[in-house]
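The structure under discussion appears below in the form of C-alpha cells.
Position 1 is the first residue of the sequence, and the numbers go up from there. These figures come from a predicted structure and were not determined experimentally.
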Amino acid sequence: MKRVFITLGILAVFFPAVVHASVHITEIAWMGVAGTNGQYGEWFELYNDGTDDVDLSNWKLYSGGGSDLVVTLTKTIPAGGYLLVERTTPSMQDPVLGINDESGSFGGGGFSNSGEDLILNDQNGATIETLSYASGWPAGDASTKETMQWDGTHWITAAATPDAPASSDGNNNQGDGTGSDTTDGDTTENSQSTSVVTTSPSHAPKIHNTPHITLALPTDVYQYVQYKFSAEVVLENDINPTRGVFLWNMGDGTSVKEGKLAPIIHAYQYPGVYTLWFGYYRSVFDEDPTLTSSATIRVGLPALELSTVGTTAIEITNDSGKQVDLSEWKVAYSGTTGILPTQTFLAADASITIPSMALGLQTIGKYVSLLTPTGEVVASTGVSNKKSPTNSAGQSPNNLSSHDLTASAGSATENMFADDTSTDSTPPSPTRNRTRDYIFGAVAGLIIVLFILLERFMARQE
C-alpha cells in the first residue's frame, strides 16, 4: 500500500509536466511591427502539437532568466492549434489586427532587441520551455520586421505568420538586429550581431502531408435561394488553421473576406455557370495566398408546376429530373403566406399534395403562388411553368434540368438548362381589363366628337 501512495505521489508531481510538454514557443516578433509606434507592437506565438486542448490559465512567461515576469496567460490553446499573445501599450492597442488571442502589457519593458533569456512555466511553476538568447536573438530582423520563426529544425527569419505555421520562404541568416528596444515610454537603440543557431530543441513535428483545401458546397443551387458554403484548410502536419485571411470569391461579383474561418451564406441572383474561388493567406501581411481551391457552380430554377386540389390543398410537380429541396419555401394566397417545413424534398418527376391547413392557410382559391425563401415567385396555379417564370425584376431565367458541381475549374459538366419553347398563359388581371375598357371608351368618344365637328365644318362650307 505504501508503494501505491509513493507511486501516486510521483505521478501527481510529474503528470502536469507530461500533459503540458506539447506547448512550445514557435514565433517571436521581438522587433515589433511596421508602422507608427510599431516598435511597441511585440508579440509571440505558442503552438500545441499534442492531441488535447491545454488550459494555459496562470501559465507565465519570464525574461531575464526568470527574474522578470513578461505576461500571465489566461486562455486555452486547442490541440494542433496556435495562440498569439500581443503586447498592448497606449500607442499600440492591437499590433496584429483580427487575431488578438491574448493581449496585455509586457513586464520588463517588453522584449529587448539585443536578446532575452525566456522561460515558459505552467500553472504549477514547472518549466515547459527555456530559450537562452540573452547574447542575441538567433533570427528576426528589426529593420524589415521579419520575425523569428521555428520551422521544425531551426529558427528562421521570415515575413510574419501569426497564428500559422512558419513561412516556407524564410532563411536562417541572422537579421541585422537593429531597431528600437522599448518600454511604454522610452526608446533605446541597440545593435547586436550573433551567429546562426540551429541546435534549439525540436518543438514542431516534421511535415508529413500535402497541404490542401476541402470545399463543402451545395449539390444543387437554385436562383435566389440562400446556401451555406464552407471550407477546411489543412496545412503541414495536418494543422487546421482557424485564423489568417480567408477569401471567398463567389464568381458573381460577390466576395467575402474573413479573419476567422467560418461558413458563409450566399444566394445567387441570376442563373448561369459560376467559378467559385477560395484562398487562404497565412497572415494579413501576405500578398499571395498560401493555398487556393475552386469549383464550378451551376445555378438555375427547378421546373416546378403548381395546382390546387379544390380549396383545401395544393399539388407541386417536379419536372426537373432531379430532387428539389423545398425547405422553407413559401406558398402565398390572397395576402397570406404558409411556409414549407425544413427538410421538405420533392423527388424527381414526382408530385406531392400538401393540405392548406398544414401551411396555416384556412382555405385557398384559384390563384396560388410558390415562392423561394427570399420571396421570388417560381410557380403559380393556372400558369405553365415549362418555361421559367418571370421574377420580380422582370427577368426570365431558364429552368434547371441538371446540375453539376466539380472540385476543379474546367471539368466537363452537363447541360443544366431544359430546352423549352412553350409560353406562359398568365390569368387575366381584372384591374388590367378595366383599364383597357376605360382607354377604349375614351378613344371611341374622341372619334365621335371629331366626326361631329367634321360634319359641322363641312355643312358650313356648303
Side-chain angles (χ1 to χ4, degrees), residues 218 220-227 267-269 271 299-401 403 417-418 420-440:
D220 293 287
V221 180
Y222 304 135
Q223 185 182 5
Y224 312 124
V225 180
Q226 292 183 331
Y227 295 94
Y268 287 90
Q269 299 302 309
V299 181
L301 277 175
L304 300 176
E305 294 205 29
L306 184 68
S307 59
T308 57
V309 181
T311 60
T312 59
I314 61 168
E315 182 180 66
I316 307 174
T317 301
N318 176 15
D319 296 326
S320 65
K322 291 183 70 70
Q323 176 178 275
V324 176
D325 183 358
L326 297 177
S327 298
E328 299 184 9
W329 285 45
K330 303 173 183 178
V331 176
Y333 167 70
S334 188
T336 58
T337 301
I339 299 177
L340 296 171
T342 301
Q343 309 302 325
T344 299
F345 298 96
L346 178 51
D349 303 315
S351 299
I352 56 175
T353 302
I354 303 175
S356 58
M357 294 293 291
L359 300 172
L361 304 174
Q362 298 299 319
T363 184
I364 54 176
K366 184 177 180 181
Y367 301 117
V368 182
S369 296
L370 177 66
L371 298 81
T372 67
T374 53
E376 300 292 339
V377 177
V378 173
S380 297
T381 56
V383 177
S384 171
N385 295 291
K386 295 295 185 180
K387 180 180 178 182
S388 298
T390 301
N391 63 21
S392 59
Q395 297 132 352
S396 297
N398 293 320
N399 283 342
L400 176 68
S401 62
H403 169 80
F417 300 122
D420 198 353
T421 57
S422 61
T423 58
D424 293 343
S425 55
T426 305
S429 167
T431 302
R432 189 167 67 244
N433 288 345
R434 285 196 297 271
T435 302
R436 185 182 59 188
D437 291 341
Y438 294 151
I439 294 174
F440 180 82

Worksheet item: Between atom CD of Glu376 and atom CD of Gln269, what is the distance when rounded to the nearest 0.5 Å?
Response: 7.0 Å

Item to complete: Would you sort out whether Val324 and Ile316 count as a side-chain contact (heavy atoms from CB on, under 4.5 Å), showing the intermediate values?
Response: CA-CA 11 Å; Val324 176; Ile316 307 174; over 6 Å; no

Item to complete: Indicate whether the side chain of Gln362 and that of Ser356 have a donor and an acceptor atom separated by less than 3.5 Å.
Response: no

Worksheet item: Between Lys330 and Ile339, is there a donor-acceptor pair closer than 3.5 Å when you use the side chain of the first and the backbone of the second?
Response: no

Worksheet item: What heavy-atom pair brings Tyr268 and Val221 nearest, and what distance separates the two atoms?
Response: CD1-CG1, 3.9 Å

Worksheet item: Run the side-chain contact (heavy atoms from CB on, under 4.5 Å) check on Val331 and Leu370 step by step: do they pass?
Response: CA-CA 5 Å; Val331 176; Leu370 177 66; 4.1 Å; yes

Response to the item:
Heavy-atom nearest pair, Thr311 first then Thr363, reads O-OG1, 3.3 Å

Worksheet item: If you take all heavy atoms of Phe345 and Gln323, which pair is closest and at what distance?
Response: CD2-NE2, 3.5 Å

Worksheet entry | Candidate pair Leu304 and Leu346, rule side-chain contact (heavy atoms from CB on, under 4.5 Å), full reasoning | CA-CA 10 Å; Leu304 300 176; Leu346 178 51; 4.1 Å; yes

Practice prompt. Kindly give the heavy-atom pair with the smallest separation between Val378 and Thr372, and that separation in Å.
Written response: CG2-CG2, 3.4 Å

Discussion item. Could you go through Thr374 and Val225, starting from their C-alpha distance and side-chain angles, then the distance that decides it, and tell me whether this counts as side-chain contact (heavy atoms from CB on, under 4.5 Å)?
Written reply: CA-CA 7 Å; Thr374 53; Val225 180; 5.9 Å; no

Discussion item. As an exercise, state the distance from OH of Tyr222 to CG of Leu301, rounded to the nearest 0.5 Å.
Written reply: 9.5 Å

Discussion item. I need the Asp319 CG to Thr317 OG1 distance, nearest 0.5 Å.
Written reply: 6.5 Å

Practice prompt. Would you kindly say whether Ser369 and Ser380 are connected by a side-chain donor-acceptor distance under 3.5 Å?
Written response: yes

Discussion item. Testing the basics here: between Val299 and Gln223, what is the closest heavy-atom pair and its distance to 0.1 Å?
Written reply: CG1-N, 3.7 Å

Practice prompt. May I ask you to decide if Leu326's main-chain N or O and Thr344's side chain share a donor-acceptor pair within less than 3.5 Å?
Written response: no

Worksheet item: Which pair of non-hydrogen atoms, one from Ile364 and one from Leu361, has the smallest distance, and what is that distance?
Response: CG2-CD1, 4.1 Å

Discussion item. With a 3.5 Å distance limit and no angle check, can you tell me whether Tyr333 reaches the backbone of Gly338 through a side-chain donor-acceptor pair?
Written reply: no

